[in-house]
Amino acid sequence: MKKIISMVVVLAALVVPTVTAQKINDASFKAKLEKSNADIANPKKAGKAATWFNRGKLCADAIVEPSKNLFSGLDANMLAMSMGVAPSETKDGVYVFDWVDVHTKDNKVKAWKVKKEVLPDAYNIAKEAFLKAYELDNGMAAKIKTALDALINHYAELGSASLDISEYKAAIDAYLKAVTLQENPAIGKQDSRYYFFAGQLAAFLGAQEAKYFADGEKYLTKANELGYKDEQGNLYYFLFHCYYGQRDKGQDYLAKAKSALLEGIEKYPRNERIMEGLIQLYTSEDGVGNPADLVERIDKLLAEKPDNADLWFARGQVFFKLKNFDECINSFLKINDLKPNDYDTNFYLGYFYMAKGDEVNRAFNSRLDSINSQEEYQAGLNEVNAAYMKSLPWLEKAMELKPESVDCAEYLKVLCFRLRNEEGIMDKYNKYNAIYKKLKGIQ
């Protein structure tokens, strides 16, 4: 019996969590900062790099203290143990603590919001202190870098966490603090992504508060200067919005907006956002340019690089926006010559032929009142169906190339239903309808 009892005691000990007390002793931090203030006021101590390093480390520790045991994905049931105290309130997945609110989703930590500072102005004090420590003794560079890297990572994580809960201003502030700390010579290089993230968010906020457009311009320009590159070239799209949002300041901002888009489309011709921005700019602002100018610009580039599929893609985009479906299709047929087994090319050709069919159908409907015979009506209907039929082989080829494509299956289902009275098409409708239902999990 004693043996059994002792085993129960052992098991109970295993399941009782060890609470890692995280109560924040802000009074202690403040007392240490007062001592640090006295130290740097002392000429003898102020001349030592260690004095300044310790001051920076103190403030860095104070900054991370409220959220130091938090990370994305932490089981919400472990929060009380991680924080050292139970939340004062839990509402709609938000766990409320004195210093921080923790947001959860599916019982996992998603993000957090620090509500107050342990030490006022700790960031600026830490930044100054670490810089002073380096200036007094650059032999401490490795030690300073380690401390700064930890603080930079904190702000990068805080930026992502703030973004996840739509705290965009807090996210901008966090990313800027991260990249500004990297100005310290002990780091040696700034991460251009942080300026891009801040600029992208500022461009978004500009729609609500116009002052953010100027901020976005500054951050994105800095990211560009630092060599920021993203696969799609969206920096130019957001930079366009920041310039365009300031157009009331003068015509030069419209010129800058246009220049950003033109530079972007030349470097990233497949970027549909940039192309849409150009079409918007050219069609809504007098004197900026004619959308046809884009074709001329792209054709000049194609004269030098006739086998550049991305340029043909951009050309097709322009003509599609101009509702010139024939030239749009011709551009994508050229891409198909270059890449015959490309899913996107085949899918887009099917889509554009459907758009062309819609155009023929609208023209047919517009003259229905003037049709006087069944033969004339049937001839018009045959013309419409023939236009739609051109879409079918391209979409079927796309479906072969990507059998899991729900979009392609849906287009084929709709197209075949439209053409169901044509010979053999009803069987195709049944086939693609079944594929669509299977892909969508419809019984």
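A distance of 8.5 Å separates CG in Leu301 from CG in Asn308, rounded to the nearest 0.5 Å. Expressed to the nearest 0.5 Å, how far NZ of Lys249 lies from NZ of Lys256 amounts to 9.0 Å. Rounding to the nearest 0.5 Å places CG of Asn138 at 11.0 Å from CE of Met140. In this structure, OH on Tyr219 lies 14.0 Å from CG on Leu239, to the nearest 0.5 angstrom. Remark: Leu220 CG to Glu225 CD distance equals 11.0 Å, nearest 0.5 Å. Note that the CG atom of Leu131 and the CG atom of Leu181 stand 11.0 Å from one another [nearest 0.5 Å].
Cation-pi geometry between Arg247 and Tyr244 is satisfied (NZ or CZ under 6.0 Å from the ring centre, within 45° of the ring normal).
The distance between the ring centers of Phe325 and Phe352 does not fall below 6.0 angstrom. Less than 6.0 angstrom separates the ring centroid of Tyr411 from the ring centroid of Phe347. Less than 6.0 angstrom separates the ring centroid of Phe313 from the ring centroid of Phe332.
Within a 6.0 Å radius of NZ in Lys115, other residues, nucleotides and ligands contribute more than 12 heavy atoms. A 6.0 Å sphere centred on NZ of Lys116 holds more than 12 heavy atoms belonging to other residues, nucleotides or ligands. Heavy atoms of other residues, nucleotides or ligands lying less than 6.0 angstrom from CD of Gln251 number 12 at most.
Taking 4.5 Å as the limit, some side-chain heavy atom of Trp99 sits within range of a side-chain heavy atom of Val118.
Here salt bridge (Lys or Arg N to Asp or Glu O under 4.0 Å) pairs that include residues 124-133, with residues two or more places apart or in two chains, number zero.
Between the side chains of Tyr237 and Gln232, not a single donor N or O lies within less than 3.5 Å of an accepting N or O. Residues Tyr388 and Asp358 have side chains that bring a donor and an acceptor to within less than 3.5 angstrom of each other. Between the side chains of Asn330 and Arg315, no donor-acceptor pair of N or O atoms lies under 3.5 Å. A donor-acceptor pair shorter than 3.5 Å cannot be found between the side chains of Thr104 and Tyr95. For the residue pair Lys222/Tyr228, the side-chain donor-acceptor check at 3.5 Å is not satisfied. There is a side-chain donor-acceptor pair under 3.5 Å between Asn341 and Lys397. For the residue pair Asp342/Asn336, the side-chain donor-acceptor check at 3.5 Å is not satisfied. In the model, Asp39 has no side-chain atom that pairs as donor or acceptor with a side-chain atom of Asn42 under 3.5 Å.
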Intermediate values then yes/no, salt bridge (Lys or Arg N to Asp or Glu O under 4.0 Å), Lys68 and Glu65: CA-CA 5 Å; Lys68 69 178 182 181; Glu65 185 71 14; 3.4 Å; yes
Evaluation steps, side-chain hydrogen bond (donor to acceptor under 3.5 Å, both in side chains), between Tyr432 and Glu396: CA-CA 10 Å; Tyr432 293 118; Glu396 287 192 300; 2.7 Å; yes
From CA spacing to verdict: side chain to side chain contact (heavy atoms under 4.5 Å, CB included), Leu333, Trp394: CA-CA 11 Å; Leu333 286 172; Trp394 299 104; 3.6 Å; yes
Worked check of side-chain hydrogen bond (donor to acceptor under 3.5 Å, both in side chains) between Lys258 and Tyr243: CA-CA 9 Å; Lys258 176 181 176 181; Tyr243 286 134; over 6 Å; no
Chi angles and distances behind the side chain to side chain contact (heavy atoms under 4.5 Å, CB included) call for Arg270, Trp312: CA-CA 9 Å; Arg270 287 184 70 94; Trp312 285 109; over 6 Å; no
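Looking only at distances, a side-chain donor or acceptor of Ser366 sits under 3.5 Å from a matching main-chain atom of Ala363. Counting only distance, with no hydrogens or angles, the side chain of Ser88 and the backbone of Val96 share a donor-acceptor pair below 3.5 Å. Listed for the Lys339 side chain is no donor-acceptor partner under 3.5 Å among the backbone atoms of Thr345.
The aromatic rings of Tyr155 and Tyr123 lie perpendicular to each other, with more than 60° between the two planes, well past the 30° mark.
Looking at every heavy atom in both residues, Leu235 comes nearest to Asp230 through N-OD1, 3.6 Å. Across every non-hydrogen atom of Ser192 and Gly227, the tightest pair is OG-C, 4.4 Å. Nearest heavy-atom pair, Met83 versus Pro66, reported as atom, atom and distance to 0.1 Å: CE-O, 3.8 Å.
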Could you give the side-chain donor-acceptor pairs of residues 204-211 under 3.5 Å, partners two or more places apart or in another chain?
{"unit_1": "Glu209", "atom_1": "OE2", "unit_2": "Lys169", "atom_2": "NZ", "d": "2.6"}

